[in-house]
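Notes follow once the structure below has been shown.
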Amino acid sequence: MKVRIFADANLKIGAIDEHIYGSFIEHLGRAVYEGIYEPDHPTADADGFRGDVIGLIRELSVPIVRYPGGNFLSGYRWEDGIGPREQRPTRLDLAWFTTETNEFGTDEFMKWCKKAGIEPMMAVNMGTAGIMDAAHLVEYCNHAGGTQYSDMRRANGAEEPYNVTYWCIGNEMDGPWQIGHLSADEYGKKALEAAKVMRWSNGEMDGKPGPNGRLKLIVSGSSNHEMPTFPEWDRTVLEHTYKQVDLLSMHRYYMYSTKRKHPLEDFLGSADDMDEYIGTLRATIEYVRAKVRSQKRVGISFDEWNIWTVNAPRTEPLWKRAPHILEDVYTFQDSLVFAGLMNTLLRNCDVVKAACLAQLVNVIAPIMTEKGGGTFRQTSFYPFFYAANNARGETVRTISDSDCFENMYGEARYVNEAVTHDREKREVCVFLCNYAQKSRDVELELRSFGKLAACDYVEMTSSDLFAVNGFDHPDTVVPHKKDLPTVRGGSKVSLRLPAMSWSFLKFTY
């Protein structure tokens with residue numbers, strides 16, 4: 001069967017915000033310790049940051065990273081992680097049953113962000129902490145000086161404010177697993193008051209920006225769409241906070257499970273399920289906007305998303321510092337589903353204004369490290385790399401006649417696509433997933449862009465869906481360059497996509 005995909009430059013979905021290529025570092029497992037921070041590592045700098053890891057992160061062009069959690073956040077006292085290291089307390093982390101030494105905290109994160117060329121996305125504790133704890137952290141980060149918390153920052157070595165723009169107000173407060181879990185009404189009221197004092201601490205009054213601009217505040221939405229409170233939670237919270245916040249968070253992880261009736265098909269349907277989830281939140285936001293009579297449009301921060309398959313019993317003892325937990329090793333099959341999820345984010349760029357791949361290093365991550373040793377790029381590294389480094393400008397609406405397959409979420413297309421257009425660079429990018437177990441002929445028609453010429457074409461496929469990369473075999477699953485296709489009449493391209501494959505094409509005009 002031949003699949004026809006049509007795209008026209010005039011059918012713009014929306015501008016792509018580079019923040020959708022963000023990621024996440026939580027005090028969880030080896031994400032921080034032995035991940036981004038390992039003072040004894042051969043590549044570590046004077047601050048203890050692994051240079052080899054920073055190099056890989058720079059490859060991915062990650063623009064923003066969320067910190068410090070995650071479930072860890074709801075029991076975290078941010079003041080534990082500042083000041084002289086020898087005076088910082090060691091505490092039990094009740095979220096992950098580990099021991100937190102607090103040798104890495106806010107100031108270290110800010111230094112790391114600067115060295116890695118990353119914008120910080122900070123999060124404030126809405127579980128065990130109060131609204132003034134959030135205000136004080138904003139003061140510590142953003143106020144110039146002359147006050148208790150800003151002078152603490154200066155005494156700790158940061159004379160100039162960090163000027164953090166993006167702030168998450170809590171994490172997954174809808175979840176009973178969360179320390180300090182609240183009802184939607186309770187959280188909505190608390191988040192509103194936290195938003196107010198955070199803005200005031202930033203010097204914002206009567207809707208006017210402070211000396212360093214205006215904060216981008218992210219209110220906690222549903223942890224996933226299987227929560228019994230979804231989407232009522234999101235509606236209630238937004239009705240409390242709509243006029244104060246800029247983004248509504250959403251989280252979602254997808255997994256392959258042999259316990260399902262159709263494991264492969266159900267896993268491959270993940271991208272269309274993500275699209276449905278975003279669509280429901282889009283409608284919820286618009287309903288609340290109409291109800292509160294606001295002209296402002298709140299966007300979505302998809303600040304936790306990924307493939308998360310391994311939930312093996314924990315083998316390391318409780319209260320261990322930086323245990324090996326949640327270290328998924330991603331298969332080729334995982335990378336195919338991951339690529340489809342990337343396409344979904346691109347196709348919803350008009351409402352998804354930030355996103356954080358959870359997480360960045362070691363813990364369900366595209367980058368893996370060995371203590372004192374090397375690194376390797378997971379299979380999921382590559383679809384992220386090609387999107388983050390190429391898909392800029394705007395996403396263009398596509399029309400496809402791909403056939404579909406049944407799965408637990410309904411119907412999903414065998415050929416999943418996204419098309420982006422960078423007018424400034426005069427580039428058109430096409431991302432294609434073939435979820436069929438046989439090759440597919442695809443006819444692309446890319447109109448109104450100008451006379452196109454192909455300049456890049458890569459493809460990733462494998463005869464083994466469960467093939468993985470590792471420290472001793474880092475290149476088992478990698479993209480391969482393909483011969484550039486001919487563009488007929490400046491707009492039409494014929495391709496043959498191998499069975500179970502991911503492809504990337506770039507055109508210039």
Side-chain angles (χ1 to χ4, degrees), residues 19 64-70 72-83 102 105-111 113-114 118-171 173 180 182 186-220 237-238 240-249 296 298-299 301 303 354:
H19 291 97
I64 191 168
V65 169
R66 180 174 173 241
Y67 174 87
F72 173 80
L73 174 69
S74 294
Y76 180 53
R77 310 177 196 185
W78 69 266
E79 289 169 279
D80 287 350
I82 61 173
N102 285 301
T106 299
D107 295 308
E108 287 77 22
F109 177 65
M110 295 299 173
K111 286 182 182 178
C113 283
K114 187 173 182 180
I118 282 169
E119 180 180 357
M121 177 189 285
M122 290 294 288
V124 297
N125 179 354
M126 287 286 104
T128 59
I131 64 171
M132 288 309 296
D133 294 285
H136 294 157
L137 182 55
V138 173
E139 179 185 332
Y140 184 86
C141 291
N142 287 11
H143 196 71
T147 65
Q148 178 184 350
Y149 291 98
S150 60
D151 284 347
M152 284 171 62
R153 182 199 69 244
R154 296 171 70 186
N156 291 334
E159 183 69 25
E160 297 300 318
Y162 297 127
N163 297 332
V164 179
T165 298
Y166 282 80
W167 292 84
C168 300
I169 306 175
N171 172 76
M173 297 307 298
L182 300 170
E186 291 168 333
Y187 169 68
K189 290 176 180 178
K190 186 175 183 179
L192 172 63
E193 296 307 311
K196 284 163 50 178
V197 296
M198 290 169 73
R199 291 200 182 281
W200 293 343
S201 294
N202 194 52
E204 300 177 40
M205 291 193 307
D206 302 322
K208 296 178 182 178
N212 302 311
R214 187 176 184 276
L215 301 183
K216 291 270 191 182
L217 297 183
I218 304 165
V219 70
S220 289
V237 169
L238 276 179
H240 282 293
T241 62
Y242 197 94
K243 293 181 180 179
Q244 282 287 351
V245 302
D246 303 280
L247 298 164
L248 172 69
S249 82
K296 181 179 73 175
V298 167
S301 175
D303 45 46

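Under the 3.5 Å distance criterion, the side-chain polar atoms of Y187 are left unmatched by any main-chain donor or acceptor of G170. For N125 (side chain) and Y76 (main-chain N/O), a donor-acceptor pair under 3.5 Å exists by modelled atom type. Checking side-chain atoms of R199 against main-chain N and O of G210 turns up no donor-acceptor pair under 3.5 Å. Within the 3.5 Å criterion, the main-chain N or O of Y242 finds a donor-acceptor partner in the side chain of K296.
With sequence neighbours excluded, the residues forming a side-chain contact (heavy atoms from CB on, under 4.5 Å) with D133 are A129, listed by chain and number. Here N212 pairs with N163 under the side-chain contact (heavy atoms from CB on, under 4.5 Å) rule; sequence neighbours left out. Listed by chain and residue number, I218, S220, H251, D303 satisfy the side-chain contact (heavy atoms from CB on, under 4.5 Å) test with S249 (two or more places apart in sequence, or in another chain).
Taking NZ of K216 as the reference point, atom NE2 of H19 lies at 8.5 Å (rounded to 0.5 Å). How far NE2 of H136 is from CE of M198: 12.5 Å, rounded to the nearest 0.5 Å. Taking NZ of K190 as the start and CD1 of I131 as the end, the distance is 9.0 Å to the nearest 0.5 Å. Rounding to the nearest 0.5 angstrom, the gap separating the CH2 atom in W200 from the CE atom in M205 is 11.0 Å. Of the inter-residue distances, the one linking M173 atom CE with L73 atom CG reads 8.5 Å to the nearest 0.5 angstrom. We find the CE-OH distance between M110 and Y67 to be 9.0 Å, quoted to the nearest 0.5 Å.
Among T147, V138, L215, L137, the single residue meeting the side chain to side chain contact (heavy atoms under 4.5 Å, CB included) criterion with S201 is V138.
Contact annotation: the side chain of V65 never approaches that of E119 to less than 4.5 Å [non-hydrogen atoms, C-beta and beyond]. Put simply, the side chain of Y162 does not reach to within 4.5 Å of the side chain of M122, judged on heavy atoms. Side-chain contact between Y140 and D107 is present, with at least one heavy-atom pair separated by less than 4.5 Å. Looking only at side-chain heavy atoms (C-beta outward), F109 and P120 come within less than 4.5 Å of each other. Contact annotation: the side chain of L247 never approaches that of L217 to less than 4.5 Å [non-hydrogen atoms, C-beta and beyond].
With salt bridges taken as basic N to acidic carboxylate O contacts below 4.0 Å, none links E108 and K111.
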Are N142 and Y149 close enough, and set up right, to give a side chain to side chain donor-acceptor pair (under 3.5 Å), and what steps lead you there?
-> CA-CA 10 Å; N142 287 11; Y149 291 98; over 6 Å; no
Verify side-chain contact (heavy atoms from CB on, under 4.5 Å) between R153 and N156, making sure each step is shown before the conclusion.
-> CA-CA 5 Å; R153 182 199 69 244; N156 291 334; 5.7 Å; no
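Summarising the geometry of S301 relative to M121, their closest heavy-atom pair is OG-CE, 4.3 Å, with the distance given to 0.1 Å. The heavy-atom pair separating A195 from Q244 by the smallest distance is CB-CB, 3.9 Å. Nearest heavy atoms, G213 versus N202: O-ND2, 3.1 Å.
Side-chain contact check for R66 and N171: at least one donor-acceptor pair (N or O, by modelled atom type) lies under 3.5 Å. A donor-acceptor pair shorter than 3.5 Å cannot be found between the side chains of D246 and Y166.
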